[in-house]
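This report refers to the structure that appears directly beneath it.
Residue numbers start from 1 in every chain, and the chains themselves are labelled A, B, ... in the order their sequence lines are given, proteins ahead of strands. Keep in mind that this is a model prediction, so the values were computed, not measured.
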Amino acid sequence: MHIMEGFLPPAWCLFWFLVSAPFIVYGMYQLRILMREKREALPLLAVAGAFVFVLSSLKLPSVSGSCSHPTGTGLGAILFGPCITSILGLIVLLYQAIFLAHGGLSTLGANVFSMGIAGPVLAWAIYKGGQKAGLNTYLTVFFAATLADLFTYVVTSVQLALAFPAEVGGIATSFAAFAAVFAVTQLPLSIIEGAVIALTFKYIIDVRAEILVKLGVLTDAAVGRLRGVGA
Amino acid sequence: MENILDDYAQQNALRETGTWAKLLLGGGAIAAALVSAGPLAPAFIAASMAAITVGIARIPARFYATLLTIPLSFAVLSAGVILFLSGGGETVWSMPFGGITLAFTTGSVNQAALVLSRTFAGMCALFFIALTTPMVEIFTVLRSLRLPPEFVDLAMLIYHFIFVLIGEALATRNAQEIRQGYAGFGNAVRSFSMLAGTLFVRAWEKGEELILAMDARCYDGIFPTFGGERGISRREGVAVVAYLSVCSALALLSGGIQIF
């Protein structure tokens, strides 16, 4: 869910840019280190970024009839970790603003924070936690993607509520109102996205599992086990 | 997805105008709309930006109108929330609704009108940049802003791959559609996941091919690019300054003009 251009008052635009900045700077630093160590990282990150962009511009099968797109950043975070994903998120959001008119330039900071930082960090934490606890991989991916999507939407509602608090009841009331208005589309959307990402993960394992092993997402043993279950 | 705005940016009538001039014009208009306290200045910016985009840059009006419906749903929903939540002034209209009273006041009408007009001004200015400035020229600007070269290289490569992958995605989707892949909700979810999975694997293979190609051409960590950038010409500068002065003067002076 993108906040449109011009929607946030200038002070809040600036605030969210400042909040996102440290994450982006740290992500840039990580990117520089990664590219120095592995020369082949650049093209692979580029295809990943383009993948997130194309995935997020495809229409999901939707129940409520509204226009719904997957965010794809949950998958990015599982594959590459949250720092690099925040950089990919920044570039993708910039392109979405300029190519597709989703989001905007003055609201870029706020959108980067909700979609490129908050969601991916949660997805990554859930995936790592689930792997450590030995939960079913597909179930973990499902929850990581679904909850990252929901969290993105909650953060966006908070951003809107902070900028436009209600006269009676303040920020809490206006958060409830914004959350309720967008819940109709966002709740089913996040569940569908979770299912889609989990299935996508399965297809990648079926076709080219070695990519996931190389990225350190899964171990060889885990791939063998998952393939055994699928067969 | 078929409406990639960059296609229009490559062939609009302002294609040869300086990049900096177009970015300053659009960015300045967004800023002027944001600082305005009343809805008049943003409304003027929205109208004038639309006029410039359709009239001077020669973007088809019908296409432009369908583009504007994208932000409409978000803007109207959110402005609706603001209408009922914020307050101040006298009550204009109220209605009991399941235990609570829905009401809007003069203050909330003013606030909602401001936000709605600001969103439209912002979107029109953003569309102006999107429809007149090709991405390729923005890369030179990114470089001259001294952003990290890794970041600019990554942005350029992502840009390149977007077009490669969109082609793949459309072909796969058409193939699925003619085989009834999107008939029924369950089928649609399964087909979409298959599409996403295949797309990722294909993308990955393209990336591996690019590594080979780059190695074969002695890639050493930096993409050389042509510096096709030029500054602002006097005529462009005068036009941009004149337009932005009108916008900001209007934004500063018309703040007191409200609906109520």
Side-chain angles (χ1 to χ4, degrees), chain A residues 2 4-7 9-10 13 28 31-32 35 39-40 42-51 53-55 57-58 60-61 63 66-67 87 91-92 95 97-102 104-106 160 164 166-168 173-174 177-178 181-182 192 195-197 199-200 202-204 207-208 211, chain B residues 1 4-6 27 30 33-35 67 70-71 74-75 77-78 81-82 85-88 115 118-123 126-127 129-130 135 148 150-151 153-155 157-159 161-162 165-166 169 182 185 188-190 192-194 196-201 203-204 206-207 210-211 214 221:
Chain A
H2 299 70
M4 307 303 302
E5 179 63 73
F7 199 80
C13 294
M28 294 267 190
L31 184 68
R32 181 164 279 188
M35 301 230 298
R39 268 160 32 82
E40 72 270 23
L42 179 68
L44 297 180
L45 282 176
V47 290
F51 172 74
F53 177 89
V54 173
L55 194 66
S57 59
L58 289 171
L60 264 186
V63 267
S66 76
C67 172
I87 299 287
I91 298 177
V92 166
Y95 285 170
I98 295 180
F99 281 175
L100 306 167
H102 291 175
L105 296 179
S106 69
L160 292 173
F164 301 102
E167 194 194 19
V168 188
T173 312
S174 98
F178 278 113
V181 168
F182 294 110
I192 295 171
V196 163
I197 297 293
L199 280 171
T200 304
K202 180 183 178 315
Y203 284 113
I204 298 175
V207 186
R208 290 283 307 265
I211 298 176
Chain B
M1 180 176 64
I4 285 270
L5 306 184
D6 209 41
I30 292 177
L34 280 181
V35 297
L67 267 188
I70 300 174
F74 177 91
L77 268 182
S78 312
V81 171
I82 292 171
L85 278 181
S86 50
V115 170
R118 223 167 48 194
T119 308
F120 263 95
M123 288 317 296
L126 187 63
F127 281 141
I129 296 179
M135 203 60 218
E150 294 90 357
F151 176 76
D153 280 357
L154 185 62
L157 274 183
I158 290 181
Y159 175 76
F161 276 118
I162 282 173
L165 289 190
I166 279 182
Y182 290 89
F185 182 68
V189 168
R190 209 173 50 232
F192 189 88
S193 323
M194 233 191 273
T198 317
L199 200 62
F200 181 78
V201 173
W204 196 266
K206 300 261 178 218
L210 184 69
I211 298 173
M214 276 159 49

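Using a 4.5 Å cut-off on side-chain heavy atoms (C-beta onward), A:Pro43 and B:Lys206 make no contact. Within the 4.5 Å cutoff, no side-chain heavy atoms of B:Trp204 are placed close to those of A:Ile204. Using a 4.5 Å heavy-atom cutoff, the side chains of A:Val207 and B:Phe200 are not in contact. Counting only heavy atoms from C-beta outward, the side chains of A:Val47 and B:Leu210 never approach each other to under 4.5 Å.
Nearest heavy-atom pair across B:Pro148 and A:Arg32 is CB-NH2, 4.0 Å. Taking both residues in full, the closest heavy atoms of A:Ala97 and B:Leu126 are given as O-CD2, 3.8 Å, listed atom of the first, atom of the second, then distance. When all heavy atoms of A:Val54 and B:Ile162 are compared, the pair lying nearest together is CG2-O, 3.9 Å. Of all heavy-atom pairs between A:Ser106 and B:Leu34, the closest is CB-CD1, 3.7 Å. Residues A:Ala46 and B:Leu157 approach most closely at CB-CB, 3.3 Å, considering heavy atoms.
For a residue to count as touching a neighbouring chain, one of its non-hydrogen atoms must lie under 4.5 Å from one of that chain's; by this rule B:Leu199 touches chain A with backbone and side chain alike. For A:Phe178, the parts lying near chain B are the backbone and the side chain together; criterion is any non-hydrogen pair under 4.5 Å. Residue contact with chain A, scored on non-hydrogen atoms closer than 4.5 Å, is absent for B:Ala121. Proximity to chain A involves both the backbone and the side chain of B:Leu154, based on heavy atoms less than 4.5 angstrom apart. At a 4.5 Å heavy-atom cutoff, the contact between A:Leu45 and chain B is made by backbone and side-chain atoms alike. Both the backbone and the side chain of B:Ala196 come within contact range of chain A, with heavy atoms under 4.5 Å apart.
Rounding to the nearest 0.5 Å gives a distance of 6.5 Å between OH of A:Tyr95 and CD1 of B:Ile158. Taking CZ of B:Phe151 as the start and CD1 of A:Ile91 as the end, the distance is 4.5 Å to the nearest 0.5 Å.
Listed options B:Gly27, B:Ala130, B:Ala33 were ranked by heavy-atom pairs under 4.5 angstrom with chain A; first place goes to B:Ala130.
Here A:Tyr203 pairs with nothing under the side chain to side chain donor-acceptor pair (under 3.5 Å) rule; sequence neighbours left out.
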